Amino acid sequence: MIRLASFNVNSVRKRAPHILRFLARQQPDLLFLQELKCRTEEFPGVELAASGYQFRAVGQPGGRNGVAVLARIPFEVVSEALPGDDADSQARFIEVKAAGIHAAGIYLPNGNSGGDEGYLYKLTWMERLRRLAQARLDAFTPLAILGDFNVCPAAQDLAPGTLPPTDALVRPETRAAWRALEHLGLTDALRALHPLPERIYTYWDYGSAFERNAGLRIDHALLSAELAERLEACTVDVDPRAEEQPSDHTPVLIDLAD
DNA sequence: ATGACCGTGGCACACGGA
């Protein structure tokens, strides 16, 4: 069995203790992190490597974005940038090869800032991701995409009244771009095992949202067909969200049979 | 009925987040 996980940590330097506790408890083979909010050289790799994990971080200046992978199995980095835009300097993508599969960790643009241009960047990014997935599927490469997609795929993926219908996380164009990914043949791992109308969230705003369960499901795992057939479990671990000084997100995990 | 926070850079508060 191989276990993959994704965790938007909202500053990796603030959340190193939470990450270490998560690793000790769940022992994922690969853990993808999003929103490092630090430069590559500021990644607390020494601290995290003490748990026996190797790592690769992709940070950027300015305290925004940033993705990383932690691994307790051998891996090689395939790419540190999503193809399709030479001008894209935002650290939002890492793809690795491990245990015979390709796994991508993504931090998809939120799309609510920067006006029309910001939202177009999100939609363009989603189309670039679709093309990358298409290329992997065309080559019969087993593919898993995990991360913060910043998309609520369906109405049941957000608590009523949490977001206005104009929000970039729920706009019809956003959901259409998500469906375009699914229509490639990718499976939404959580919904494959926990179909609607079960309500499961991965994000709660700071304040009282967690205690009211006013959440969103925006962290996902998409699987190519051969990996979907191996899917044994997909869970959201809510424990880190209940800890002191938590991230506003909590991890998603998938277990794949050998 | 409504609002409620947090992290970063940098040292006041704007900006992004979702």
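Each chain gets a letter, A, B and so on, in the order its sequence line appears, and its residues count up from 1. These numbers were taken from a predicted model, which means no experiment stands behind them.
Checked against A:His249 for a ring pair (Phe, Tyr, Trp, His ring centres under 6.0 Å), the options A:Tyr203, A:Phe149, A:Tyr201 give a single hit: A:Tyr203. Partner of A:Leu223 under the side-chain contact (heavy atoms from CB on, under 4.5 Å) criterion, out of A:Leu143, A:Leu186, A:Ile254: A:Ile254 alone.
No engagement by A:Leu163 is indicated, since no non-hydrogen atom pair under 4.0 Å with the nucleic acid exists. As judged by a 4.0 angstrom heavy-atom cut-off over every strand, A:Glu35 is placed among residues touching the sugar-phosphate backbone only. Contacts of A:Asp219 with the nucleic acid, taken as non-hydrogen atoms under 4.0 Å apart, are absent.
The P atoms of B:dA14 and B:dA1 are separated by 33 Å, rounded to the nearest whole Å. Taking atom P on both nucleotides, B:dG16 is separated from B:dG10 by 15 Å, rounded to a whole Å. B:dC6 sits 23 Å from B:dT2 when the P atoms are compared, rounded to a whole Å. A gap of 23 Å separates the P atoms of B:dG7 and B:dG3, to the nearest Å.
Nearest heavy-atom pair across A:Gly59 and A:Ala91 is O-CB, 3.7 Å. The heavy-atom pair separating A:Cys152 from A:Ile218 by the smallest distance is SG-CG2, 3.7 Å.
Regarding A:Asp148, its CG atom lies at a distance of 13 Å from the C1' atom of B:dG16, rounded to whole Å. As rounded to whole Å, 7 Å separates atom P of B:dC6 from atom OH of A:Tyr206. Rounding to whole angstrom units, CZ of residue A:Arg217 and C1' of B:dA18 are separated by 16 Å. In this structure, CG of A:Asn65 is placed 10 Å from C1' of B:dG17, rounded to the nearest angstrom. Here the P atom of nucleotide B:dG7 and the NE2 atom of A:His18 are 9 Å apart, to the nearest Å. Here the C1' atom of nucleotide B:dA18 and the NZ atom of A:Lys122 are 9 Å apart, to the nearest Å. At whole-Å resolution of the value, OH in A:Tyr203 and P in B:dC6 are 11 Å apart. Between A:Glu243 atom CD and B:dC6 atom P the separation is 16 Å, expressed in whole Å.
Between A:Ser113 and B:dG17 there is a side-chain N or O to OP1 or OP2 distance below 4.0 Å. Regarding contacts with the backbone of B:dA18, a side-chain N or O of A:His249 is found under 4.0 angstrom from either OP1 or OP2.
The nucleotide whose nearest atom lies closest to any side-chain atom of A:Arg15 is, among B:dG7, B:dA18, B:dG17, B:dG7. Closest to the A:Asn150 side chain, of the nucleotides B:dA4, B:dG16, B:dA18, is B:dA18.
Across the interface with DNA chain B, nearest-nucleotide mapping of A:Asn8 and A:Ser208 shows A:Ser208 to be the residue nearer the 5′ end.
For residues 195-214 of chain A, no residue pair satisfies the salt bridge (charged side-chain N to carboxylate O under 4.0 Å, His left out) rule, not counting sequence neighbours. Among residue pairs with one or both ends in residues 153-164 of chain A, those qualifying as side-chain hydrogen bond (donor to acceptor under 3.5 Å, both in side chains) are A:Asp157-A:Arg191, A:Asp157-A:Arg217; sequence neighbours excluded.
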Are any protein N/O atoms closer than 3.5 Å to N/O atoms in nucleotides 8-15 of chain B? If there are, list each pair with its distance.
| unit_1 | atom_1 | unit_2 | atom_2 | d |
| --- | --- | --- | --- | --- |
| B:dT8 | OP1 | A:Ser11 | OG | 2.5 |

Decide salt bridge (Lys or Arg N to Asp or Glu O under 4.0 Å) for A:Glu182 and A:Arg179; before the verdict, give the C-alpha distance in whole Å, the side-chain angles of both, and the deciding distance to 0.1 Å. CA-CA 5 Å; A:Glu182 289 187 310; A:Arg179 284 195 300 275; over 6 Å; no
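Listed by chain and residue number, A:Ala192, A:Ala228 satisfy the side-chain contact (heavy atoms from CB on, under 4.5 Å) test with A:Thr187 (two or more places apart in sequence, or in another chain). Partners of A:Phe210 according to the side-chain contact (heavy atoms from CB on, under 4.5 Å) rule, which considers only residues two or more places apart in sequence or in another chain, are A:Trp204, A:Arg241, A:Ala242.
The stretch residues 104-111 of chain A touches DNA chain B through A:Tyr107, A:Asn110, each having a heavy atom within less than 4.0 Å of the strand.
Here A:Phe55 and A:Phe43 bring their ring centres to under 6.0 angstrom of each other.
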